[in-house]
2 protein chains.
Amino acid sequence: MVEEAIRELNYIPNSAARILASSASHIVAVIIPSLSATVYAQEVHHIVRVLEERSFSVVIGHSDYSEIREQRLVQSFLERRPDGFILTGTQHTDLTRQLLKNSGVPVVETFDGDNAAMDMSVGFSNFEAGRKVAELFRSRGLTRIAYVGGRSEQDFRSNARFEGLSARLAEDGLTPVARIELTLPMPAGDGVRGLDRVLATDPLTQAIFFSADTLAISALLECNRRGLRVPEQLAICGFGNYDFADAIVPSLTTVAVPFEEVGVLAANAILARLDGTAQGSSRKVIPLQLLRRASA
Amino acid sequence: MVEEAIRELNYIPNSAARILASSASHIVAVIIPSLSATVYAQEVHHIVRVLEERSFSVVIGHSDYSEIREQRLVQSFLERRPDGFILTGTQHTDLTRQLLKNSGVPVVETFDGDNAAMDMSVGFSNFEAGRKVAELFRSRGLTRIAYVGGRSEQDFRSNARFEGLSARLAEDGLTPVARIELTLPMPAGDGVRGLDRVLATDPLTQAIFFSADTLAISALLECNRRGLRVPEQLAICGFGNYDFADAIVPSLTTVAVPFEEVGVLAANAILARLDGTAQGSSRKVIPLQLLRRASA
DNA sequence: TTGTAAGCGTTATCAT
DNA sequence: ATGATAACGCTTACAA
């Protein structure tokens, strides 16, 4: 009895046994391209925040922008019998889809509102983002417009933004003067390389849409250094609305990425499915906001 | 036989059963204050990278800069019988220490090379960082020096930097003219608030050491905006060496935080213990580098 | 209500 | 080597 109480004091239940007996792991697996990209780190932050509250554990994996690595992670995580999966994007190997489907685990795909998801999805339209930026450039009367983003085989969401940009330009009979593809992951400094490659392709470029604020900010600061006036000589638009986007001079025009909302809604989608509050597939597309500031 | 092969094809082992039978979870639990702070997100990135390679899963939790929340996470994670724990800092509740000690799990405490760790530690001396910055300011002949950091009950590593700064100043018979304590987490914009509070306390302040580059950068950009010349009228030093620290004008003098090294070494410390390659406690203190740039 | 026993899917042990 | 069997520590269904 006393022994009972003492044992009680230090008693730590073994979740492996619980999982085995109840087949509920209270684990949610999250796979993102990389934690070193702000947008995904922020998303995961909010996923963890929401799930911790409900005493779910989050296990995390890096796909490194590779479908095959993502697949390996899915296989490995599946062994843990997670109660939910949160993936990035809608591009996956067939085996990934099949494994996930067979497992019956709730799956949320994030950051891609353009394509059909296998189960649930929470994201925004990258295509629309590209359109909006093109619209802004066009409203300023600009015609020589370039794009800098990740390599097209790697960065599908960046592709969609480029497509949106192109589509809007096409309406005015225009095509992008340059499309620069950088290998992922892209450190901030790559913005300068992107800038250089754009200018090498077309020295008369009037505007650049960068696929990430980190790139845009470093390019913008480089323009300042070179005495290239922004936006008069070169308009710059970013994507993400990261720290300092509005603090640098000139302030960065950019598309605000709702990473907090994505994270929270993705976590809630899993929880709702587990609670039985929601069933069946769902698709949440969050409207995007273009923040018109000084750089474009 | 054919059935065997087919079953084989879709066979997914159940790790709960494996853990129960073998008492090896292949899980490492990582607790950081918050994923929204770059330095921790980066650290975790490298931890995950290293551990994924060895097919360990990482479960992650946010202490939110609270010891009691950290304790709750430890209790909860302990149920999963992780093969290792990576914590942030050396400040923990007694129960946290006791639970961890009783569990026998390898523990690495990170980012604090100043204090004794319960098991293993990988970090750097925050005290030394403060000293180095003070040394720099003094070498420029500055005397009216202020500090901006997190609230002292929350941010123990920031405290150590302040102590180091103070200690060096004391050698010259000086004391900081202001110490501003901000509530964590500190969004970048808080740098401006910190700047304002410093100047309200002592308008003649000559130098400020910010406990994070985010704060320093936003303060520096605000100085530019106000026409306050950096470093002539106000020297600014940051901590972290984040993106853009060297790209803004004037470039930010800062202490480089070796988050990659911390992450890699912390993960390796756990692995070495599990492999039997290393035993007993260890303490790795990574030397710090002060990057002298234009702002101080 | 309280208690007992079966079963979850592995690993590990011990015979064969 | 190969195969049967006992844990592992919980949940749950069923009895009492």
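Keep in mind that this is a model prediction, so the values were computed, not measured. Chain A is the first sequence line, chain B the second, and so forth, proteins listed ahead of strands; every chain is numbered from 1.
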Self-check item: Atom-pair distance (CD1 on A:Ile19; P on D:dG9), nearest Å
Solution: 15 Å

Self-check item: Among D:dG9, C:dT11, C:dT10, the nucleotide that comes nearest once only the side chain of B:Ser22 is considered
Solution: C:dT11

Quiz item: Counting side-chain heavy atoms from CB outward, which of D:dC8, C:dT10, D:dC10 is closest to A:Ala21?
Solution: D:dC10

Quiz prompt | d(NE2, B:His26; P, C:dT10) in whole Å | solution = 16 Å

Practice problem: Take atom CD of B:Glu79 and atom P of D:dC8, then tell me their distance rounded to the nearest Å. | Solution: 19 Å

Quiz item: Is the charged tip of B:Arg161 near the ring of B:Phe127: under 6.0 Å from the six-membered ring centre and within 45° of its axis?
Solution: no

Exercise. Figure out the CG/C1' separation between B:Asn14 and D:dG9, and round it to whole Å.
Key: 14 Å

Self-check item: Atom-pair distance (CD1 on A:Ile12; C1' on D:dC10), nearest Å
Solution: 15 Å

Self-check item: Polar side chain donor-acceptor pair, A:Asn159 to A:Ser152, under 3.5 angstrom
Solution: no

Exercise. Using whole Å, report how far CG of B:Leu20 lies from C1' of C:dG9.
Key: 9 Å

Quiz item: Can you check the A:Arg18 CZ to D:dT11 P distance for me, whole Å?
Solution: 7 Å

Quiz item: Is a side-chain donor or acceptor of B:Asp83 paired with a backbone partner of B:Ala24 at a separation under 3.5 angstrom?
Solution: no

Quiz item: Taking atom P of C:dT10 as reference, at what distance in whole Å does atom CZ of A:Arg81 sit?
Solution: 7 Å

Self-check item: N/O donor-acceptor pair under 3.5 Å between B:Ser125 side chain and B:Gly113 backbone
Solution: no

